[in-house]
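Below: the structure, in structure tokens.
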Amino acid sequence: MTQPRDMKRAWRNVTVLVAAQALLGAQMPVHFIFGGLAGQSLAPNACLATLPLSMIILGSATSARPLARFMQRHGRRSGFQLSVFAGAIGAAISALALWYGNFWLLMLGGLMTGIYMSAQGFYRFAVTDTAPPDFEARAISWVMAGGLAAAIIGPAIASFTGNIGAIPFLGAYVAIIVINLLGFVLFRFLDIPKPPPPQQGEDPGRPISRILREPVIIVAMICAMVSYALMNLVMTSAPLAVVGCGFEPRNAASIVSAHVLAMYAPSFVTGHLINRFGATRIVALGLLLLACAGGVALTGVELTNFFATLILLGIGWNFGFIGATAMLTRAHSPAERGRVQGMNDLIVFTGVFLASLSSGGLMNCLGGSPQAGWNAVNLAMLPFLALAGLALLWLFRHDRAMARQ
């Protein structure tokens with residue numbers, strides 16, 4: 001039976017992590033609004049415009065497992081405070097890159113920023129550390145819902161600071177430094193105990209080789225990776241496509257804002273939907289919405305098309321990614337937490353890195369016009385949607401076979 005004291009601690013951590021998602025998460029829309037445009041202004045070749053954004057994803061992928069091990073040993077609070085320090089350093093390096101006009105320094109700043117982005121991905125796992133089992137899906141949803149505020153704060157920061165001073169976008173990166181320093185204070189209120197050291201004779205959990213043979217874990221990782229990678233593939237190219245098709249940067253900021261709102265607004269109900277219909281069905285709905293986003297994008301390049309595409313993309317990501325997270329958290333023991341979560345985010349962000357790396361090339365170097373590049377980006381979604389769909393279908397059939405036995 002859940003004790004009131006347990007729920008009090010759970011709600012405290014939900015509150016802190018929602019605030020972190022809202023305040024600290026606001027820096028990510030700023031990076032994605034200006035990262036490609038800043039890269040395009042500094043890159044020696046237009047095909048490399050989104051490479052600084054890809055470096056953010058690479059930093060996330062390479063730091064996921066070390067960060068998970070660090071938090072398993074030193075606790076969530078220390079890991080999250082380390083990450084905001086890295087985020088501040090990354091923003092400072094990016095600001096210097098703009099000051100000196102150095103594209104390669106901008107890439108280094110993105111790599112450091114990736115450490116913060118990796119830690120933000122662990123907010124959804126951290127909130128389950130002290131949540132009772134029947135509260136886990138809702139706790140994950142609440143934390144993800146904090147992104148609604150980020151969707152408002154981030155583009156507002158971008159609009160207010162992007163053109164301050166003689167160097168475009170420099171003020172935005174200075175604002176990100178301040179946000180990360182505030183985050184260091186915020187995490188002092190987090191109340192998640194450090195994991196106790198393993199005792200002699202205690203079950204250490206399964207080795208990663210056995211864990212990765214568990215069907216539900218494999219499918220959850222595939223679906224999380226596909227949902228996040230395809231969202232990033234399209235979102236990274238969207239500002240370039242909007243500006244390339246004759247619209248203003250402020251239109252790109254508005255579209256990204258609508259997209260981020262769509263990513264997090266459904267979170268108020270996603271947990272309830274998962275509890276009612278099951279995580280696998282919600283993941284399947286998310287994949288369907290991602291396919292619809294690609295279909296809308298291919299019908300034209302008016303502002304309404306861009307808005308509809310990015311809104312459908314956001315909702316599809318929400319259902320696919322939160323559903324896959326819920327599948328994963330229910331399929332491993334506490335002793336396996338660091339191994340499973342670190343491996344999951346390594347796989348997820350490796351896929352996101354490859355998608356981000358491909359995005360600029362597809363957008364700027366495939367086809368003779370911005371519209372042709374935008375179409376290429378959206379057509380590239382198809383094989384990955386097929387992979388995730390087939391994985392889900394295999395899991396459905398596997399579960400039915402096990403039920404019959």
Using a 4.5 Å cut-off on heavy atoms from C-beta on, say whether the side chain of P239 contacts that of F32. no

Tell me if the centroids of the rings in F135 and W142 come within less than 6.0 Å of each other.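 Aromatic pair excluded; centres sit 6.0 Å or further apart.
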
Can you tell me how far apart [atom1] ([X]) and [atom2] ([Y]) are? Round to the nearest 0.5 Å.
| X | Y | atom1 | atom2 | result |
| --- | --- | --- | --- | --- |
| S83 | M112 | OG | CE | 11.0 Å |
| T350 | F353 | OG1 | CZ | 8.5 Å |
| C292 | L313 | SG | CG | 11.5 Å |
| I218 | L328 | CD1 | CG | 10.0 Å |
| M263 | M144 | CE | CE | 7.0 Å |
| L310 | I255 | CG | CD1 | 6.5 Å |

Over 12 non-hydrogen atoms of neighbours within 6.0 angstrom of [atom1] in [X]:
| X | atom1 | answer |
| --- | --- | --- |
| F247 | CZ | yes |
| W99 | CH2 | no |
| R12 | CZ | yes |
| E302 | CD | no |
| Y100 | OH | no |

Output side-chain donor-acceptor pairs under 3.5 Å for residues 175-191, partner residues at least two apart or in another chain, one line each.
residue: N180; atom: OD1; partner: Q27; partner atom: NE2; Å: 3.1
residue: N180; atom: ND2; partner: Q27; partner atom: OE1; Å: 3.1
residue: N180; atom: ND2; partner: I176; partner atom: O; Å: 3.0
residue: D191; atom: OD2; partner: R9; partner atom: NE; Å: 3.2

